[in-house]
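Reviewing the structure listed below.
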There are 2 protein chains.
Amino acid sequence: MGATKSHIFTTTQNELAQVAKVLAHPARIAILQHISKQEGCICTDLVEEIGLAQPTISQHLNEIKKIGLLKGTFEGKNLCYCIDQDRWLELKQLMNTFFSNITLNCC
Amino acid sequence: MGATKSHIFTTTQNELAQVAKVLAHPARIAILQHISKQEGCICTDLVEEIGLAQPTISQHLNEIKKIGLLKGTFEGKNLCYCIDQDRWLELKQLMNTFFSNITLNCC
DNA sequence: ATTTAACATCGTAATATTGCAATATATAAT
DNA sequence: ATTATATATTGCAATATTACGATGTTAAAT
């Protein structure tokens, strides 16, 4: 025991939870907001901006990447990437649908 | 180390992450969806519906309660509660604002 | 007053997350 | 080729989450 029992839930329920999990850390919220503030792709020092150690930032970026939210060049000296528009709108839609489908017919 | 460094982030960033954290489990998504399907307040067997043990469900309900999303009677034999409308709309708004404020000006 | 039913709490095991130092890798610059 | 710089990976410690059995609590029913 201790692990989430994903198999007893629907695909959508698991998907929603997975997206929420990525957003469930202030560092990842901050990273997304910071990328969004940039003009184009981000190539600057996210480590200084956020205030966590480099491996920690790298780890958080990986979580965001896992759900397909980042695209760009990931090799070489300068990492240049940005938010994947299509995926972002997809997830925004998913969240919005969830929030809208909860009907409040009580109290 | 191992604990989230909340103090280096803004109130909004922490708040968003906290809300997302509550949604970051399929059981809690399922619970919210199930309450929403009911006509009025929920007084039925959530344990059977979801398929997790009673203490586990109780724990998840507590997480949802912590961010003020449930209201109703919590004492006695029959637990009757529902989603707090004002709070729900507040959180929906918070999430929506976050998603809308991320601008996609790249690639 | 006892029993029963519904839910909460406690204790604990399994697993996941967070964070960072150390180290590896990969490219650009010299 | 060597050095410098940027990011990834590894390994590990601290903490948090998930799940449930056992037990406690509360109130209605008998």
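Here the structure is a predicted model, which means the values were calculated and not measured. Basis for what follows: all heavy atoms, side chains included, without hydrogens, waters or symmetry-related copies. Each chain gets a letter, A, B and so on, in the order its sequence line appears, and its residues count up from 1.
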Residue met sooner reading DNA chain C from 5', once A/Ala27 and A/Thr4 are mapped to nucleotides: A/Thr4
Given D/dT18, C/dG19, D/dA8, the nucleotide with the shortest approach to the side chain of B/Gln59: D/dT18
Distance test, side-chain N/O of [X] to OP1/OP2 of [N], below 4.0 Å:
{"X": "A/Ser58", "N": "D/dT7", "value": "no"}
{"X": "A/His60", "N": "C/dT17", "value": "no"}
{"X": "B/Lys21", "N": "C/dT17", "value": "no"}

Length of the line joining [X]:[atom1] and [N]:[atom2], which is rounded to integer Å:
{"X": "B/Ile64", "N": "D/dT18", "atom1": "CD1", "atom2": "P", "result": "11 Å"}
{"X": "A/Arg28", "N": "C/dT17", "atom1": "CZ", "atom2": "P", "result": "9 Å"}
{"X": "B/Lys65", "N": "C/dC7", "atom1": "NZ", "atom2": "P", "result": "12 Å"}
{"X": "A/Ile57", "N": "C/dG19", "atom1": "CD1", "atom2": "C1'", "result": "11 Å"}
{"X": "A/Leu61", "N": "D/dA8", "atom1": "CG", "atom2": "C1'", "result": "11 Å"}
{"X": "A/Ile31", "N": "C/dG19", "atom1": "CD1", "atom2": "P", "result": "10 Å"}
{"X": "B/Asp45", "N": "C/dA6", "atom1": "CG", "atom2": "C1'", "result": "9 Å"}
{"X": "B/Lys5", "N": "D/dT15", "atom1": "NZ", "atom2": "P", "result": "13 Å"}

Partner set under side-chain contact (heavy atoms from CB on, under 4.5 Å) for B/Asn62, not counting sequence neighbours: B/Lys65
Contacts of B/Ser100 that satisfy side-chain contact (heavy atoms from CB on, under 4.5 Å) - sequence neighbours left out: A/Lys92, B/Asn96
Pairs where residues 94-103 of chain A contributes a residue and the test salt bridge (Lys or Arg N to Asp or Glu O under 4.0 Å) is met, not counting sequence neighbours: none
Shortest non-hydrogen contact from B/Ser36 toward A/Ile102: OG-CA, 3.5 Å
Side-chain donor-acceptor contacts of residues 47-57 of chain A below 3.5 Å, not counting sequence neighbours, with atom names and distances?
none

First of A/Asn62 and A/Ser6 reached from the 5' end of DNA chain D, by closest nucleotide: A/Asn62
side-chain hydrogen bond (donor to acceptor under 3.5 Å, both in side chains) pairs, two or more places apart, involving residues 12-21 of chain A: A/Thr10-A/Gln13, A/Gln13-B/Gln33
Short side-chain to backbone donor-acceptor contact, B/Arg28 and B/Leu61, under 3.5 Å: no
For DNA chain D, the residues among residues 47-56 of chain B that have a non-hydrogen atom under 4.0 Å from it: B/Leu52, B/Ala53, B/Pro55, B/Thr56
Partner residues of A/Glu63 under the salt bridge (charged side-chain N to carboxylate O under 4.0 Å, His left out) criterion, sequence neighbours left out: A/Lys66
Salt bridge (charged side-chain N to carboxylate O under 4.0 Å, His left out) partners of B/Lys37, counting only residues at least two apart: none
Within residues 7-18 of chain A, residues whose heavy atoms come under 4.0 Å of DNA chain C: none
